[in-house]
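First the structure, in the form of structure tokens, and then the observations on it.
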Amino acid sequence: MDKLKQLGIILGITFGSEVLYRLLKLPVPASVYGLLILFAALQSGLLKPEKIEATGNFLLVAMPVFFIAPGVNLMNIFDQVQPILWQALVLIFISTIVVTVITGKVADFILRKELDK
Amino acid sequence: MNELLLNSMFFGSFLSLGVYLAAARLRQRFPSPLLNPLMLSIIVIIAILKLTGIEYEHYDRGAKYLTYFITPATICLAIPLYRQFHHLKKNYRAILLAILSGVLSGLICIFGLAYVMSFSKEHYVTFLPKSITTAIGIDLSKELGGNSTITVTAIVLTGIMGSVMGEWICKVFKIKHPISVGLALGTASHVLGTSKALEIGEIEGAMSSLSVAISGIMTIVFAGLFARLM
């Protein structure tokens with residue numbers, strides 16, 4: 001029953017953030033509102049982490065499963081992508097490495113400098 | 001047989017979960033980052049659908065219910081974030097600057113490569129949101145005039161790359177601090193990078209969750225400017 005209640009809270013926040021998204025009409029997706037709402041609820045003590053953690057952690061661990069169907073959709077758009085397939089793969093490959101390295105290196109550099117102070 | 005599957009509401013979700021669990025099991029037996037369960041599942045399911053002639057739409061009739069969980073699961077990233085909030089407070093300058101550099105370098109890199117490989121404007125803007133989470137990326141791609149279906153695939157491929165290679169890239173380039181590793185994975189490869197970061201450690205996971213939200217918002221702000229470059 002406990003986990004069901006936790007799922008209820010999570011879906012309630014998701015619904016609330018969807019409503020906000022439609023009302024505010026900002027180019028901010030629903031999940032960002034939801035993330036901020038849940039964080040504020042936890043930080044203010046309004047919601048104890050134990051009240052949400054079991055189901056929340058389950059959803060986090062299961063995350064890749066939710067991406068299977070969008071990934072399989074590749075078979076539908078393959079014809080559209082085919083003319084630029086190699087270029088697209090090169091672009092994804094190189095830019096992912098660049099972002100990983102730059103983000104990590106900048107963080108490492110500043111953290112080390114602040115430690116030295 | 002086909003008739004039966006076409007009318008089934010649960011065929012797609014059962015196939016997704018069954019194949020994923022088998023793939024996860026395989027990786028347990030042969031631990032290698034190349035055996036990424038998500039990547040394997042996508043390949044195996046495409047093969048199954050192609051071989052049996054079942055159309056994607058029929059598979060997705062059931063599978064889409066799992067896709068709906070992306071939003072509530074993304075919201076739950078607030079939990080590791082809350083647990084590790086003291087790290088954010090102490091290091092907010094490093095964290096914000098690192099994510100900003102990551103987002104900008106990503107957009108510059110996509111512009112440069114798209115320019116060199118002479119992409120059309122539509123294809124170029126389609127790839128601008130590739131590092132952020134699907135929930136944000138689909139809307140952004142549409143707004144910029146891109147093809148949001150291709151964007152989703154690019155986002156999933158980026159996420160798989162991040163979870164397959166992210167840890168290894170950090171090792172090769174000697175990115176050491178747990179905060180830096182988390183930020184790198186989350187900024188480059190959104191929630192799929194984050195699920196990898198959560199496997200590495202709780203600080204990594206929390207920092208990665210944080211980068212998903214912040215890099216998403218920063219990308220919304222800057223992608224519009226970059227879209228005008230071509």
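The shown structure was predicted, so the numbers you read here are calculated from the model rather than taken from an experiment. Basis for what follows: all heavy atoms, side chains included, without hydrogens, waters or symmetry-related copies. Just so we're on the same page: letters track the sequence lines, and every chain starts at 1.
With a threshold of 4.5 angstrom between heavy atoms, B/Asn147 approaches chain A through side-chain atoms but not through N, CA, C or O. Using a 4.5 Å cut-off between heavy atoms, A/Asn76 contacts chain B through its side chain alone, with no backbone atom that close. Proximity to chain A (any heavy atom under 4.5 Å) is restricted, for B/Cys109, to the side chain, taken from C-beta onward. At a 4.5 Å heavy-atom cutoff, B/Met207 makes no contact with chain A through either its backbone or its side chain. Both the backbone and the side chain of B/Lys176 come within contact range of chain A, with heavy atoms under 4.5 Å apart. Residue B/Tyr65: no heavy atom, backbone or side chain, is found under 4.5 Å from chain A. Contact of B/Ile169 with chain A is made through the side chain alone, with heavy-atom distances under 4.5 Å. Both the backbone and the side chain of B/Leu97 come within contact range of chain A, judged by heavy atoms closer than 4.5 Å. Looking at B/Ile220, only its side chain comes within 4.5 Å of chain A, counting heavy atoms on both sides. Only the side chain of A/Ser17 comes within less than 4.5 Å of a heavy atom of chain B; its backbone N, CA, C and O stay farther away. For a residue to count as touching a neighbouring chain, one of its non-hydrogen atoms must lie under 4.5 Å from one of that chain's; by this rule A/Tyr21 touches chain B with the side chain only. If you measure heavy-atom distances from A/Ile68 to chain B, the contacts under 4.5 Å come from both the backbone and the side chain. The contact between B/Ile75 and chain A is made by backbone and side chain atoms together, counting heavy-atom distances below 4.5 Å. With a threshold of 4.5 angstrom between heavy atoms, B/Leu21 does not approach chain A through any atom at all. Looking at B/Pro37, there are no atoms closer than 4.5 Å to chain A (heavy atoms on both sides), in backbone or side chain. Heavy atoms closer than 4.5 Å to chain A are found in the side chain of B/Glu57, but not in its backbone. With a 4.5 angstrom heavy-atom cutoff, A/Phe58 does not touch chain B via any of its atoms.
A centroid separation of 6.0 Å or more is found between the aromatic rings of B/Tyr124 and B/Phe119.
Atom CZ of B/Phe11 has more than 12 neighbouring heavy atoms from other residues, nucleotides or ligands inside a 6.0 Å radius.
For residues 81-91 of chain B, a heavy-atom distance under 4.5 Å to chain A picks out B/Leu81, B/Tyr82, B/Arg83, B/Phe85, B/Asn91, given by residue number.
For the set B/Leu17, B/Ile46, B/Val156, B/Leu15, the count of heavy-atom pairs under 4.5 angstrom toward chain A peaks at B/Ile46. Heavy-atom pairs under 4.5 Å with chain A peak, among B/Ile110, B/Ile217, B/Leu100, B/Val152, at B/Ile110. Chain A forms the most heavy-atom pairs under 4.5 Å with one residue out of B/Tyr20, B/Tyr56, B/Tyr68, and that residue is B/Tyr56.
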Cut-off 3.5 Å, no hydrogens considered: what does the side-chain donor-acceptor table look like for residues 22-45 of chain A, sequence neighbours left out?
{"from": "A/Ser44", "atom 1": "OG", "to": "A/Ala40", "atom 2": "O", "distance (Å)": "2.9"}
{"from": "A/Ser44", "atom 1": "OG", "to": "A/Ala41", "atom 2": "O", "distance (Å)": "3.2"}
{"from": "A/Ser44", "atom 1": "OG", "to": "A/Leu46", "atom 2": "N", "distance (Å)": "3.4"}

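Legend: residues meeting side chain to side chain donor-acceptor pair (under 3.5 Å) with B/Ser208, ordered by chain and number and at least two apart, are B/Thr194. Residues passing the side chain to side chain donor-acceptor pair (under 3.5 Å) test with B/Glu143: none are found, sequence neighbours excluded.
Evaluated for a side-chain contact (heavy atoms from CB on, under 4.5 Å) with B/Val212, the options B/Ile132, B/Val191, B/Leu192 yield exactly one hit, B/Val191.
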